[in-house]
Amino acid sequence: MKKTPSPEPVTTHGNQPPHHDQEKFAGDLEYYTWFDEACIQDMNYFVKTITGIKSKGIRPDLIGSIIAHYASKWLPDLSGNVSAITTPPPTESVTASVMKKRFFVETLIGILPPEKDSVPCNFLLRLLRTAKMVGANANYLTELENRVAWQLDQASLKELMIPSFSHTSGTLLDVELVTRLVKKFVGLDSEGVKTGAALVKVAKLVDSYLAEAALDGGLTLPVFISLIEALPSYARTTEDGLYRAIDTYLKAHPQVLKQERKELCRLIDSRKLSPEAALHAAQNDRLPVRSIIRVLFTEQTKLSRHVDWSGSLTRSPTNPSGSHYFEQGGSGARCLSKREMNVQQAEIKRLREDVARLQSECSAMHLQVERLLEKKSGGSKGFFRWKRLGLVPSIRGSVSVEEMTNCENGEGFEPQTPGNMKTRLVKGRTPSRWRKSMS
């Protein structure tokens, strides 16, 4: 194909809008000659054009969009459209095609704007995947990894699932690459460069990636744990995603030893599990018994705190509008919503039903004990019968909670000792009439 001469004075000076009108310039990019066929076929001409655009003070994000547009036209692998990927022509060998792609990828990496966030993160991930596929230079791969790690909170799960192109790796996905990216991002967070919200996004992304990678039968446990521990404990606001990933790994790897299961499940913080996930974990046969007990104990603790919280709510003063508040440190907390109040009332109602059920069962047990004692005592009519001593409470004569409370306060309480019982018997005995004298 005949090479088109470089019309630099025309493309970069004559038709370029003023510097203050960059928005119009961005909207009319298709009009300029750096997107024509001649530019796409000539790499050197494209590099000179990008260099001329940079010298005019164009915004870095606009330059990044130009590079992404050009790259997706020349190399369909970078477009993100699977149907657009084509095979090399029959006349071109596979080695020549790979060498051509490597030169193109390394040239693109070299002309990327140095400013952060100038190129979309998903495009950088596709570029990184292509660079690893064609075997680009290690320096270019390191630079791409640093760029992706800076924008990892903007990545999508689809683009992050980069295959492993190493012959020594036994996994389908490049899990070690994702681990390096996460560790670099966490280093930026510890330096205060990234916000906590960005770290939470990365945690959700990593948990989703773990659930997909766990299906790989060749994924070893140390590599899986290494990616889990790449994030700090405070990054995950909820452990549901991590629990799903670990459960998937245990399901796909039934040969994991018992000690390894304990080590893996120890990474789950049961306090951050939702009620649905905790219920599933309590019934999961793949988890160790210790982990299930820890989940149940955590849920019991949450329930106890909830009951205490509900009781303090009913005893707390109300504001003029009738809404209940907590008093902590002398200052009122937030007002409860209607939904929270309904949940609390339902929980209290359930607890009352449980208490009533336990009381009825306790009464039935007392009745059975009384019947057994009556059978054992038989028909004996001695003075020291247990019932006369008042040591066996009957259901009909059982003391209620209010009577016990009065007894604790000293009202109407009289200890039932043998001496007292004898005194009452003597006092209550009707005196026999004197016999009439026969004289």
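Given the structure is predicted, the values throughout are model-derived calculations rather than measurements. As a basis for the values below, the full set of heavy atoms in this structure was taken, side chains included, without hydrogen atoms, waters or symmetry mates.
When side chains are defined from C-beta on, Cys362 counts as touching His366, because their heavy atoms get closer than 4.5 Å. Put simply, the side chain of Tyr243 reaches to within 4.5 Å of the side chain of His280, judged on heavy atoms. In this structure the side chain of Leu173 never reaches within 4.5 angstrom of the side chain of Ile162, judged on heavy atoms. Taking the side chain as every heavy atom from C-beta outward, Asp117 and Asp61 never approach each other to under 4.5 Å.
A donor-acceptor distance shorter than 3.5 angstrom exists from the side chain of Glu106 to the backbone of Asn137, with no hydrogens or angles considered. Gln300 places no side-chain N or O within 3.5 Å of a backbone atom of Val295 that could act as its donor or acceptor partner. Of the possible donor and acceptor atoms, none in the side chain of Arg236 sits under 3.5 Å from a partner among the backbone N and O of Ala203. Not a single donor-acceptor pair under 3.5 Å links the side chain of Arg286 to the backbone N or O of Leu250. Although no hydrogens or angles enter the test, the distance criterion places a donor-acceptor pair under 3.5 Å between the side chain of Thr298 and the main chain of Arg294. In this structure, Asp216 contributes its side chain and Leu172 its backbone to a donor-acceptor pair below 3.5 Å. At distances below 3.5 Å, not a single donor-acceptor pair connects side-chain atoms of Ser291 with backbone N or O atoms of Leu287. Proximity of a side-chain donor or acceptor of Ser208 to a complementary backbone N or O of Lys204 within less than 3.5 Å is detected. Side chain of Gln154 to main chain of Gln151: no donor-acceptor pair is present (N/O by atom type, distance under 3.5 Å, no hydrogens or angles). Lys194 places a side-chain N or O within 3.5 Å of a backbone atom of Trp150 that can act as its donor or acceptor partner.
Ile268 CD1 to Glu239 CD: the interatomic distance, rounded to the nearest 0.5 Å, is 7.5 Å. Atom CD1 of Ile246 and atom SG of Cys265 lie 6.0 Å apart (nearest 0.5 Å). Ile53 CD1 to Arg59 CZ: the interatomic distance, rounded to the nearest 0.5 Å, is 13.5 Å. To the nearest 0.5 Å, atom OG1 of residue Thr179 and atom CD1 of residue Ile225 are 12.0 Å apart. Separation of atoms CG (Leu128) and CG (Leu144) is listed at 5.5 Å; rounding is to 0.5 Å. Taking CD1 of Ile67 as the reference point, atom CD1 of Ile111 lies at 4.5 Å (rounded to 0.5 Å).
Screening residues 169-227 for ring pair (Phe, Tyr, Trp, His ring centres under 6.0 Å) gives Phe224-Tyr249 as the qualifying pairs, with residues at least two apart or on separate chains.
Under 4.0 Å is where a charged nitrogen must lie from a carboxylate oxygen, and between Glu299 and Lys302 at least one such pair does. Here Glu353 does not pair with Arg357 in a salt bridge; the nearest charged N to carboxylate O distance is not below 4.0 Å. Comment: Arg350 engages Glu347 in a salt bridge, judged by a side-chain N to carboxylate O separation of less than 4.0 angstrom. Between Asp240 and Arg244 there is no salt bridge, since none of the side-chain N atoms of the basic residue sits less than 4.0 Å from a carboxylate O of the acidic one.
The two atoms that bring Ala136 and Leu141 nearest to each other are O-CD1, 3.9 Å, heavy atoms only.
Atom NZ of Lys201 has 12 or fewer heavy atoms from other residues, nucleotides or ligands within 6.0 Å.
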